[in-house]
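Everything numeric in this text was worked out from a predicted model, so none of it was measured.
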Amino acid sequence: MVTAAASAADTTVSAKPSRLPAPVPRLVSVDVLRGLVMVLMALDHTRDFMAYPGFPPEDVAHTNGALFFTRFVTHFCAPVFAFLAGTGAFLATSRGKSLQQVSRFFFSRGLWLVLLEFTVIDFAWGFVPWAHAGVIWGLGWSMVAMALIVRLPVPWIGALGLGMVATHNLLDRINPASFGKFSWLWVFLHTPGRIPVTAHLQFSTRYVLIPWVGVMAVGFAFGSLLLRTDRRKWILTLGICATTLFFVLRVFNSYGNGVAGLPFGYPRSAGPWSVQPTLSLTVISFFNTLKYPPSLDYLLMTLGPSLVLIGVLDKAKAERGLSRILLVFGRVPMFYYVLHLYLIHILAILVALAFHQPILHGSVIADFATKPVGYGHGLPFIYAMWILAVVVLYLPCLWFMELRPRHRDWTWLSYL
């Protein structure tokens with residue numbers, strides 16, 4: 001369901017019926033989905049800052065159902081961000097922007113995101129200078145790559161993206177060390193890890209270009225479906241097929257989830273699932289798919305249901321209630337992202353002071369083991385702080401959402 005009526009010129013009916021209607025300003029379903037994953041993202045980061053476990057929630061040897069589920073629901077965030085970034089760029093072409101304009105926007109926005117990652121965003125994690133390549137870094141360089149890819153025909157872009165997503169796990173066994181002094185290039189492209197800068201400084205990267213560029217390219221091609229009058233049928237079909245394919249691949253452990261136990265890269269290589277001592281741990285093992293880099297299983301598991309949700313929400317208006325709240329967050333993604341990191345970090349400091357706990361120094365995502373003894377809280381407290389953070393964020397985001405239409409001449413607002 002679109003959020004604004006088409007103009008008289010847009011509603012002109014041609015003599016020959018077409019499945020491609022007039023351009024639409026925005027789609028409520030896309031904004032609501034983006035808002036939903038942003039709210040879930042705040043849960044993940046609240047857990048990062050305030051939880052006490054000294055191990056990753058994906059660690060089957062130590063985790064439990066509630067902790068893993070808290071992490072699992074946030075897996076949808078990064079894939080949806082990358083996918084909808086491509087979709088939004090395509091929809092911009094339907095509103096009169098040329099491919100040259102979209103290409104320039106991809107390039108400038110991508111470099112802007114990389115700059116934000118190294119300054120405003122990295123500082124938010126630890127309130128100290130440090131170098132970490134997180135999700136904004138990955139989105140930024142993917143946009144730079146898309147500045148070139150977007151000039152291809154849309155079917156080619158879709159094929160390129162699908163090919164990258166489907167086949168990149170064939171590259172899992174390539175060790176960055178095999179590239180010698182250029183090992184940093186493979187860490188940048190496919191295998192997350194640490195790049196030595198000096199004897200005492202390492203640059204860590206989790207979000208690599210392959211296959212995140214492919215996810216964005218698939219999202220760009222997907223945008224063409226949103227211009228069809230029968231889009232709901234196509235979206236639901238794609239979402240159900242992707243979700244079904246995930247279960248088929250995962251059940252047979254045949255392909256698509258990285259290689260467990262590799263001596264390089266991040267140690268969270270999930271690999272094949274296996275039967276565990278309890279049903280709960282077996283379910284955890286099954287859904288414990290590899291995020292760094294995002295395996296085919298991981299992307300099917302997250303993007304499949306996300307597409308189904310877009311189809312279900314296709315007729316939504318989001319005029320009130322929860323859908324309206326999610327719409328607000330989904331309309332101001334970068335503003336929300338920067339604001340929520342600083343808010344949650346400040347809340348973590350205030351909570352530590354209130355409970356006479358040590359205050360974290362440095363980034364909380366550098367290493368789970370660095371959390372001091374006696375620090376942190378259980379999941380009920382984490383959920384309470386998450387809800388508080390989302391409530392506090394709503395009014396600033398609503399203000400900014402309403403500010404943008406009143407100042408369309410302020411082009412710098414598009415970068416927030």
Side-chain angles (χ1 to χ4, degrees), residues 28-51 53 56-58 63 65-85 87 121 124-125 134-136 138-139 206-207 212 215 219 239 243 246 284 287-289 291-292 294 298-310 312-313 316 318 321-345 347-348 364-365 377-394 396-397:
V28 166
S29 57
V30 170
D31 286 327
V32 170
L33 174 61
R34 187 187 293 111
L36 174 61
V37 298
M38 298 188 75
V39 169
L40 293 175
M41 176 184 62
L43 171 61
D44 195 38
H45 294 161
T46 303
R47 179 190 55 79
D48 279 332
F49 275 104
M50 300 187 194
E58 303 94 334
T63 193
L67 180 60
F68 178 81
F69 176 78
T70 301
R71 172 61 170 162
F72 172 79
V73 296
T74 67
H75 278 329
F76 291 81
C77 302
V80 170
F81 287 159
F83 187 87
L84 293 185
T87 302
I121 292 172
W125 281 107
V135 62
I136 302 302
L139 291 176
R206 293 185 181 182
Y207 290 84
W212 286 116
V215 175
T243 306
F246 158 72
I284 290 173
F287 287 99
N288 183 24
T289 55
K291 182 178 181 179
Y292 306 114
Y298 175 90
L299 293 173
L300 290 172
M301 179 185 74
T302 53
L303 291 177
S306 298
L307 290 174
V308 172
L309 186 56
I310 291 179
V312 170
L313 295 174
L322 178 61
S323 61
R324 176 63 181 178
I325 295 173
L326 297 178
L327 178 76
V328 170
F329 292 141
R331 290 273 174 89
V332 291
M334 182 51 63
F335 182 81
Y336 173 100
Y337 187 87
V338 173
L339 202 61
H340 98 283
L341 284 179
Y342 281 88
L343 173 62
I344 293 174
H345 195 165
L347 284 176
V364 300
I365 59 175
H377 301 270
L379 285 181
F381 187 87
I382 300 303
Y383 276 82
M385 291 296 99
W386 165 56
I387 295 172
L388 173 62
V390 171
V391 170
V392 172
L393 287 167
Y394 179 72
C397 289

Inset, instruction - Of all the heavy-atom pairs spanning V39 and F329, show the shortest one and how long it is. - result: CG2-CD1, 3.5 Å
Inset, instruction - Report yes if the side chains of F246 and T289 come closer than 4.5 Å at any heavy-atom pair, otherwise no. - result: yes
Inset, instruction - Looking only at non-hydrogen atoms, find the nearest pair between A82 and V215 and report the distance. - result: CB-CG1, 3.9 Å
Inset, instruction - Would you please test L300 and T243 for side chain to side chain contact (heavy atoms under 4.5 Å, CB included) and show each step? - result: CA-CA 6 Å; L300 290 172; T243 306; over 6 Å; no
Legend entry - Spatial distance of atom CD1 (I382) from atom CG (L67) [nearest 0.5 Å]: 10.0 Å
Legend entry - Sub-4.5 Å side-chain heavy-atom contact between H345 and W125: no
Inset, instruction - Please name the pair of heavy atoms, one in A42 and one in Y336, separated by the smallest distance, quoted to 0.1 Å. - result: CB-OH, 3.4 Å
Inset, instruction - Enter the distance from L309:CG to L33:CG here, rounded to the nearest 0.5 Å. - result: 5.5 Å
Inset, instruction - Find out whether I136 and M334 are in side-chain contact, i.e. whether some heavy atom of one side chain is under 4.5 Å from a heavy atom of the other. - result: yes
Inset, instruction - Give, for atom CG of D48 and atom OG1 of T74, the distance between the pair rounded to the nearest 0.5 Å. - result: 8.5 Å
Legend entry - Check against side chain to side chain contact (heavy atoms under 4.5 Å, CB included), I284 and T63: CA-CA 9 Å; I284 290 173; T63 193; 4.0 Å; yes
Legend entry - Side-chain donor-acceptor contact under 3.5 Å, Y383 with T70: yes
Inset, instruction - Rounded to the nearest 0.5 Å, what's the gap from CZ on R71 to CG on L43? Could you check? - result: 10.5 Å
Legend entry - Aromatic contact, W386 with H45 (centres under 6.0 Å): no
Legend entry - Distance-minimising heavy-atom pair for T87 and G219: OG1-O, 2.8 Å
Legend entry - Polar side-chain atom of H377 near backbone of M50 as donor-acceptor pair, under 3.5 Å: no
Inset, instruction - Go through the steps to decide whether F76 and M301 satisfy the test side chain to side chain contact (heavy atoms under 4.5 Å, CB included), and finish with yes or no. - result: CA-CA 9 Å; F76 291 81; M301 179 185 74; 5.5 Å; no
Legend entry - Exercise: identify the closest heavy-atom pair between C397 and V332: CB-CG2, 3.7 Å
Legend entry - Heavy-atom pair with the smallest gap, counting every atom of A124 and L341: CB-CB, 3.8 Å
Inset, instruction - Answer yes or no: is there a side-chain heavy-atom contact under 4.5 Å between C77 and M38? - result: no
Inset, instruction - Would you confirm whether T302, through its side chain, and H75, through its main-chain N or O, come within 3.5 Å as a donor-acceptor pair? - result: no
Legend entry - CG on L393 to CD1 on I344, rounded to 0.5 Å: 7.0 Å
Legend entry - Pairwise side-chain contact, V30 with L313, heavy-atom cut-off 4.5 Å (strictly under): no
Legend entry - Backbone N/O of L327 and side chain of D31: donor-acceptor pair under 3.5 Å: no
Inset, instruction - Evaluate the ring planes of Y207 and W212, with Trp represented by its six-membered ring, and classify them as parallel (under 30°), tilted (30 to 60°) or perpendicular (over 60°). - result: tilted
Inset, instruction - To the nearest 0.5 angstrom, please state how far the CG atom of L322 sits from the CG atom of L36. - result: 8.0 Å
Legend entry - Stepwise side chain to side chain contact (heavy atoms under 4.5 Å, CB included) test for M41 and Y337: CA-CA 9 Å; M41 176 184 62; Y337 187 87; 3.4 Å; yes
Inset, instruction - Could you check if a side-chain atom of R47 sits within less than 4.5 angstrom of a side-chain atom of P57, using non-hydrogen atoms only? - result: yes
Legend entry - Heavy-atom neighbours of Y342 OH exceed 12 at 6.0 Å: yes
